[in-house]
Amino acid sequence: MKIEDVMTLVRPCIAQMEPYSTARDEYKGSLGILMDANENPFPHEGMNRYPSTAQRQQLLRAIAKLKGVGEEQVFLGNGSDEAIDLCFRVFCVPGKDNVVSIAPTYGMYSVCAAMNDVEYRPVQLNADYTLPVDLLLAAADDNTKLLFVCSPNNPTSNAFPRQDIAGLAERFRGIVVVDEAYIDFADTPSMKTEIERLPNVVVLQTLSKAYGMAGLRVGIAIAAKPIVDIYNKVRYPYNIGTDTLALALKMLSETKEPEQKGMILAERRRLGEALKSIPEVEKVYPSDANFLLVKVRHAQELYDYLIGRGVIVRNRNNVQGCEGCLRITIGMPVENFHVLEEIKKFSAGE
Ligand SMILES: *Cc1c(COP(=O)(O)O)cnc(C)c1O
């Protein structure tokens with residue numbers, strides 16, 4: 001699709017609306033005595049003022065540089081969950097439009113669909129967790145605005161080949177949302193380099209996983225400039241707080257590569273191999289993320305046993321396509337050792 005055609009997908013009310021104009025948007029000169037935004041003038045830990053546009057711009061610049069994309073191609077959200085919600089609010093007319101998604105996958109897509117009164121059409125991955133490209137396209141109709149592909153996928157832990165995702169974007173006449181929350185742990189390259197050729201692709205990334213800032217709430221959308229502009233028009237004016245902006249900027253300036261990525265990848269390999277030798281474990285799926293999807297013989301019982309031992313994993317036993325599976329996040333070496341020992345004990349019937 002051409003970007004002009006992509007922009008015709010925007011809901012008419014969103015395309016036409018005037019964005020909220022903040023006090024700081026209207027006055028752009030040098031800062032003097034601030035009496036324009038009804039703030040409390042007393043310092044309050046430096047938090048009495050609304051977040052500054054300049055500081056937001058600074059973080060935007062740092063993230064654009066880090067990702068090797070243009071500043072105008074980056075949107076910053078309150079976690080990528082905000083960016084997911086914005087995809088719905090920007091492109092989907094409630095009660096009329098629908099979205100297609102892979103299944104099983106991240107739960108927020110269906111939650112946001114329900115919240116926005118948009119029909120959600122899940123399409124099961126193939127049994128080997130590969131992408132059912134033709135089935136996904138067949139599930140779409142004239143009112144399908146979004147197609148969600150989480151890659152690497154949560155909870156199946158695999159990344160999809162770039163050519164599969166690109167093939168979807170070439171054939172689908174809507175927005176392909178590629179959620180790359182775990183891309184830093186994968187060998188597969190990001191789709192961010194394709195957005196000029198395929199402007200109907202919106203790539204979602206986050207500082208929550210590899211960059212270790214889940215508590216800060218900074219999510220990233222990388223997309224063509226007109227899409228980024230629309231997302232900025234629709235987001236809440238101050239969606240990222242002053243303390244978050246400052247801390248994210250500071251932490252990013254201290255590291256270029258996600259700091260513990262090497263250790264997490266080494267632990268992923270080590271834990272995966274060790275799990276495979278336990279009789280209780282049927283299968284450890286190959287992972288491109290910072291977690292392992294592990295198929296076991298007694299998923300519910302093992303899950304309860306681990307809880308009893310103070311180890312909390314994610315039970316995916318009741319998720320269609322993940323029957324018998326637990327999802328285990330890679331922890332610190334001592335924690336991985338511990339979960340392994342507990343699973344061994346369970347397996348040995350202790
Ligand atoms: C964890 C996760 C996110 C996280 O989003 P944030 O709101 O940025 O913390 C997004 N997508 C997927 C698939 C995830 O697993």
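One-based numbering, in listed order, for ligands and for the atoms of each.
In terms of heavy atoms, Pro279 sits closest to Arg297 at O-NE, 2.8 Å.
Side-chain contact, Asn153 with Tyr182: no donor N or O sits under 3.5 Å from an acceptor N or O.
Of the polar atoms of Tyr109, none of the N or O atoms is found under 3.5 Å from an N or O of ligand 1, judged by distance alone. Backbone and side-chain nitrogen or oxygen atoms of Asn78 are examined, and none is located within less than 3.5 angstrom of a nitrogen or oxygen of ligand 1.
In terms of protein heavy-atom proximity, atom 11 (N) of ligand 1 is closest to Asp179 OD2, 2.7 Å. Of the protein's non-hydrogen atoms, the one nearest atom 5 (O) of ligand 1 is Ser80 OG, 2.9 Å. The protein heavy-atom contact nearest to atom 15 (O) of ligand 1 is Tyr182 OH, 2.6 Å. Ranking the protein heavy atoms by distance from atom 7 (O) of ligand 1 puts Arg217 NH2, 2.6 Å first.
Shown in contact with Cys150 at under 4.0 Å from a heavy atom are these atoms of ligand 1, numbered in order with element: 13 (C). Close contacts between ligand 1 and Ala181 involve ligand atoms 2 (C), 3 (C), 10 (C), 11 (N), 12 (C), 14 (C) [criterion: under 4.0 Å to a heavy atom]. For ligand 1, the atoms sitting less than 4.0 Å from at least one non-hydrogen atom of Asn154 are 15 (O), numbered in the order shown with element in parentheses. Below 4.0 Å from some heavy atom of Ser208 lie the following atoms of ligand 1, by number and element: 6 (P), 8 (O), 9 (O).
For Tyr120 and Tyr109, the distance between ring centers is not under 6.0 angstrom. For Tyr106 and Phe148, the distance between ring centers is not under 6.0 angstrom.
The heavy atom nearest to atom 2 (C) of ligand 1, out of those in Gln205, Met108, Met213, Lys209, is found in Lys209.
Salt-bridge formation is detected for the pair Asp141/Arg121: a Lys NZ or Arg NE/NH1/NH2 atom is positioned less than 4.0 Å from an Asp or Glu carboxylate oxygen.
Because its NZ or CZ atom is not both nearer than 6.0 Å to the ring centre of Tyr211 and within 45° of the ring axis, Lys209 does not count as a cation-pi partner of that residue.
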Which donor-acceptor pairs under 3.5 Å do side chains of residues 84-96 form with protein atoms, sequence neighbours excluded?
residue	atom	partner	partner atom	Å
Asp85	OD1	Asn116	ND2	3.0
Asp85	OD2	Arg89	NE	3.2

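For residues 322-333, no residue pair satisfies the salt bridge (charged side-chain N to carboxylate O under 4.0 Å, His left out) rule, not counting sequence neighbours.
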